[in-house]
Amino acid sequence: MVYHIPWIYTPVRSVLAIWHQLTKAEIPELAKCSVLMRDRSRVEDTIYAMQRAGAGRLQVISDFDMTLTRFAHNGKRVPTTHNILDHRLLIDEDCSKKIRELLNTYYPIEIDAGRSAEDKLPLMVEWWTQVHELLIQQRIRKELLAQAVKESSTMLREGYKVFFDRLTEQQVPLLIFSAGVGDVLEEVIRQNNVFHPNVHIISNYMDFDQAGVLRAFQGQLIHTFNKREGALSHASGLRVLQGRPNVLLLGDSLGDLTMADGVSEHQNILTIGFLNDQMDERKELYVKSFDVVLVKDETMEVPNAILKYITSSTDNKLDA
Ligand code: TMP
Ligand code: MG
């Protein structure tokens, strides 16, 4: 028998072990070429542990702009919640020009793989503060926001309905943690019919006067690189998230990785990062930082597959 000859047996065993590793996952979406993982076994073990604990122990924390919304569609950038406000009904041409100039100056800094988060932090504060001041000067009217959203080209990622609906069916809370504009974000998900009762939002909310005119932004500013502070001060206090130590985290920026920092006594955290832009420059950093990296993937296919697995019945196991 060839199996009794060690120098044949060992390589055969190795090949079989590798084959088993490659085929064991019941999440075929993880084998897509757009999916990168630093440690596939760890990903599978984490998903498996989360599935065993069940939907009752799970919470999902997600960024909004360019995570739940698409990055681009038909070669054109999809607007962020801030960019949706760049509408003739809400702001004048001069303001629009200034906001675009700020975007062109600061967005490349936000995604620059060569700069640290500490280095970027004060610059992000500068960007957000200037944009918010410009918006306040425009005396934006609350009643016009819905129309601006309707006429914008905003788009949630393909498969978004399955994502939101599954979480609702399974009674899993979804915390949307966004450095965008909360009022606009709410309107986007409302118009897409997915603003379900299990959705909770932490974001920059507008403060309107009695006549419905924008006069300030509420609370402490949230930008891409201070989400940790918001997580500790706001998210940690949310009752609906208590007793749910398993976290599925979705983001598109390295700053999004701190969104789960307020989860006390967490057990398993699986982080999924959408790598939308500057792929070659940032790939290495993203693979080091997120458990699962989705390169230029405009869909919710992979998060949906993972979610389906985690919330499926206990007899469905990765190793089965
Ligand atoms: P997020 O936390 O929901 O992703 O929202 C923050 C994004 O918004 C971030 O990637 C930068 C972007 N942004 C704009 O597109 N325009 C702006 O004027 C500002 C201040 C931010
Ligand atoms: Mg984002």
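Counting starts at 1 for both ligands and their atoms, in listed order. Scope of the values below: all heavy atoms of this structure, side chains included, with no hydrogens, waters or symmetry mates.
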With heavy atoms and a 4.0 Å threshold, my read on which part of D65 contacts ligand 1 is both
Classify the contact between I222 and ligand 1 as side chain, backbone, both or neither, using a heavy-atom distance cut-off of under 4.0 Å.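 No part of I222 is near ligand 1 at this cut-off.
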Element-labelled atoms of ligand 1 that are located less than 4.0 Å from some non-hydrogen atom of [X]:
X: N83; answer: 15 (O), 16 (N)
X: S178; answer: 1 (P), 2 (O), 3 (O)
X: K227; answer: 2 (O)
X: E110; answer: 9 (C), 10 (O), 11 (C)

Should the pair R70 and F274 be classed as cation-pi, given the thresholds of under 6.0 Å to the six-membered ring centre and 45° from the axis? no
Hey, are R228 and D261 close enough for a salt bridge, meaning a charged N less than 4.0 Å from a carboxylate O? yes
Going from CD on Q59 to CG on L167, what distance comes out if it is rounded to the nearest 0.5 angstrom?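 Rounded to the nearest 0.5 Å, the CD-CG separation comes out at 11.5 Å.
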Please report whether ligand 1 has a polar contact with T224, defined as an N or O pair separated by less than 3.5 Å (distance criterion only).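 So ligand 1 has no N or O lying under 3.5 Å from an N or O of T224.
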Geometry at the Mg ion (ligand 2) - D65 O versus D63 OD2 angle, rounded to 10 degrees: 90°
Does H132 come within less than 4.0 Å of ligand 1, judged by its heavy atoms?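 No.
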The Mg ion (ligand 2) to nearest N/O/S of D252 less than 2.8 Å: yes
